[in-house]
Visitor: 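Take a look at the following structure, please.
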Amino acid sequence: MKKTLFFLVAIALITQACSNNKEANNQLETNEQSWVADSKIIADVIESSEKNLEKEVFIKGMVEHVCKHSGKRVFILDTINDISIRVESGGNISGFNNELAGMTIAVKGVLKEKQITKEYIDNWESKVKAKIEEEEHDHDHDHETEGHSHSCSVEINSINKMRKWMKENKKDYYSVYFILGQDYEVL
Amino acid sequence: MKQFKHINKVILVIMILGLSWLLPQIWHLITDKATRYPFTYFSSVNHTFCTLEYEKEEFIRKDAHGNTYTEEQWDSILPMFSFRQLATDGLLPDTLNGIALSVKDIRKTNYYFRYKPNELFSPSIPLYPLFESMSGRVDLEMPGDVFRVTKDGVEFINPKTNKINFTKSLKYSKSLLDKGFGGPAKWVAGSPTTRKSYDEGYFILDQNSRLFHFKRVNDKPFVKEIKIPENIDPIFMKTTEYGDKRFYGFVISSDSKLYVISCNKYKFINIPIRFDYKNDNIMLMANLFYWNMGITTDSGKVCYAINTNDFSLVDTLKYHKEPNKMAEASKYFLPFSLKFKSYKSNYIKPRFSAVPLKYMLVNLFFVILLVLLKPIRKQKPTPLAIIITLITGIYGLTTTLLLKL
């Protein structure tokens with residue numbers, strides 16, 4: 001009798017442990033899937049930017065660049081439409097690690113706008129060009145120089161896109177949308 | 001009483017083994033001399049090796065061309081080593097080799113690395129603290145739990161309660177398994193201390209020899225597989241969290257090659273040195289311009305100067321170890337030895353080594369001595385005693401005399 005009772009109690013405990021694990025696993029998956037699944041590509045978010053301004057958005061893209069020195073911002077790229085957006089760290093994000101470069105992430109954050117004037121763009125472009133010229137004269141091709149070269153080419157591309165948008169929309173400023181990140185998941 | 005019939009033979013064997021442990025130890029204690037090599041550093045000023053030796057109660061500072069230097073001149077030709085003295089004296093150059101110098105930059109790029117074979121051959125407790133690598137705080141904090149790697153991923157355990165945190169374990173295990181991790185691990189490399197300026201987590205080699213970078217970022221698991229080049233079989237890794245953030249650590253392969261894993265896309269970069277990971281020590285003194293690598297072997301020391309930026313070999317300097325005549329002499333009368341400890345391993349186990357057969361001819365001398373001792377012992381040596389002495393030399397002779405065989 002005692003042996004039977006002990007056996008039954010053991011079975012009950014094992015079953016409970018297994019269901020706890022399964023429940024923990026399911027809870028884990030549910031939490032992750034709840035907003036990651038809702039994330040959209042950058043182009044879709046930018047297209048409805050006026051509607052989404054100052055609101056929580058869910059966005060995904062490939063990490064193109066991580067700010068090496070502070071790790072406080074990344075640029076993520078919509079590989080289909082060749083649009084990138086800056087994500088600033090905030091909320092649950094203390095910073096971004098360098099190894100995220102090349103990985104696809106989903107970001108939850110608030111869409112923000114900064115209006116960049118034509119004068120600011122002109123000044124920015126001249127500074128970047130000066131930096132490029134300086135690096136071209138530098139023969140010491142260490143890895144830090146390569147990192148700066150990469151970030152410079154990203155900036156020039158961004159400047160050219162801004163000018164094109166301003167011309168097409170007949171505006172003397174460029175709206176820069178960025179995400180103030182709250183959380184992210186690696187996909 | 002049958003069980004005591006062979007007790008004498010057992011005692012005989014134990015005594016011979018005991019003497020083979022004791023006598024070599026005593027001999028080496030008396031005769032061993034520490035081998036000292038000059039302090040050697042590659043100058044960033046005159047691009048040659050410079051050495052510092054203590055001879056006849058004074059320091060001799062010279063370079064590879066034979067030029068000697070005073071202490072102040074020495075500081076000037078080794079600015080990367082003596083930067084604090086030069087900065088105090090106001091003599092630190094503003095630029096060197098076209099690069100602007102500051103005490104801060106020199107400190108960031110000056111670091112040390114040591115490897116001894118006993119680090120690889122050493123028991124360890126496979127429990128590791130996983131720090132938050134992006135806490136936003138200056139100092140790292142102990143996480144309060146530790147993890148171990150299992151065949152199903154990782155398990156986080158609270159060491160105070162000895163309970164497993166299933167939710168956290170599942171979350172982190174899922175990240176590993178999603179990337180193709182196959183447990184248990186062959187090895188785990190990381191720095192389980194808060195006494196470092198930042199944390200890069202751990203590097204785990206799984207059962208299928210796939211390497212993963214595993215760390216905790218923003219309280220989430222971060223896992224990335226690192227592609228190992230085909231010709232590299234990594235058997236050991238030592239992580240480094242240096243100020244310049246160029247590397248994740250040093251990797252030793254099974255064919256005794258040394259690599260660093262670069263922070264730039266996890267590239268494996270070969271360091272052009274020759275060494276034997278089972279026997280040789282490595283000492284690295286790195287600076288902004290050169291890596292000074294010293295490889296200490298059983299036969300001497302080789303110093304390498306390696307360009308910090310492209311890891312090309314710049315120069316080498318060799319020191320030969322003076323043969324220890326007393327150690328050589330011991331081969332004639334200590335035919336074999338038994339050791340339990342080794343400076344090349346932290347495992348305590350019996351290690352048996354014997355001299356080449358030609359040295360064992362000396363055992364004939366001990367046999368003759370045994371026979372000549374017959375009048376003093378007042379007994380003829382038995383055939384067993386002669387055979388034992390012929391095979392085991394001084395150990396057999398001593399045992400025979402003590403046991404009165």
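Letters A, B, ... mirror the listed sequences (proteins, then strands); counts begin at 1.
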Visitor: Answer yes or no: are there more than 12 heavy-atom neighbours, outside Lys40(A) itself, under 6.0 Å from its atom NZ?
Guide: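 Open.
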Visitor: Is the number of heavy atoms from other residues, nucleotides or ligands under 6.0 Å of Asp94(B) CG greater than 12?
Guide: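 For Asp94(B), atom CG is not crowded (no more than 12 foreign heavy atoms under 6.0 Å).
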Visitor: For Asn162(B), does the CG atom sit with more than 12 other heavy atoms under 6.0 Å from it, leaving out its own atoms?
Guide: no
Visitor: Please indicate whether Glu56(A) has more than 12 foreign heavy atoms, meaning atoms of other residues, nucleotides or ligands, lying under 6.0 Å from its CD.
Guide: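 Check passes, neighbour count above 12.
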Visitor: Against chain A, label Lys179(B) side chain, backbone, both or neither, depending on which of its atoms sit under 4.5 Å from a heavy atom there.
Guide: side chain
Visitor: So does Phe311(B) have more than 12 non-hydrogen atoms from other groups sitting under 6.0 Å from CZ?
Guide: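 Above 12, so yes.
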Visitor: Is it true that atom CD of Gln207(B) has more than 12 heavy atoms of other residues, nucleotides or ligands lying nearer than 6.0 Å?
Guide: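 Atom CD in Gln207(B) is crowded, with more than 12 foreign heavy atoms closer than 6.0 Å.
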Visitor: Is the number of heavy atoms from other residues, nucleotides or ligands within 6.0 Å of CD (Glu168(A)) greater than 12?
Guide: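 More than 12 heavy atoms, drawn from other residues, nucleotides or ligands, come within 6.0 Å of this atom.
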Visitor: More than 12 heavy atoms of other residues, nucleotides or ligands under 6.0 Å from NZ of Lys161(A): yes or no?
Guide: yes
Visitor: Is it the backbone or the side chain of Tyr198(B) that comes under 4.5 Å from a heavy atom of chain A, or both, or neither?
Guide: neither
Visitor: Report which part of Glu200(B) has an atom under 4.5 Å of a heavy atom belonging to chain A: side chain, backbone, both, or neither.
Guide: side chain
Visitor: Among residues 85-102 of chain A, which ones touch chain B with a heavy-atom distance under 4.5 Å?
Guide: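 Interface residues of residues 85-102 of chain A: Asn92(A), Ile93(A), Ser94(A), Gly95(A), Phe96(A), Asn97(A), Glu99(A), Leu100(A), Ala101(A).
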Visitor: Which bit of Ser169(B) comes within less than 4.5 Å of chain A, counting heavy atoms only: side chain, backbone, both or neither?
Guide: neither
Visitor: Can you tell which part of Lys215(B) gets under 4.5 Å to a heavy atom of chain A, answering side chain, backbone, both or neither?
Guide: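 Looking at Lys215(B), just its side chain touches chain A.
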Visitor: Might you point out which heavy atoms bring Asp183(A) and Lys220(B) nearest each other, and give the distance in Å?
Guide: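 For Asp183(A) and Lys220(B), the tightest heavy-atom pair comes out as OD1-NZ, 2.5 Å.
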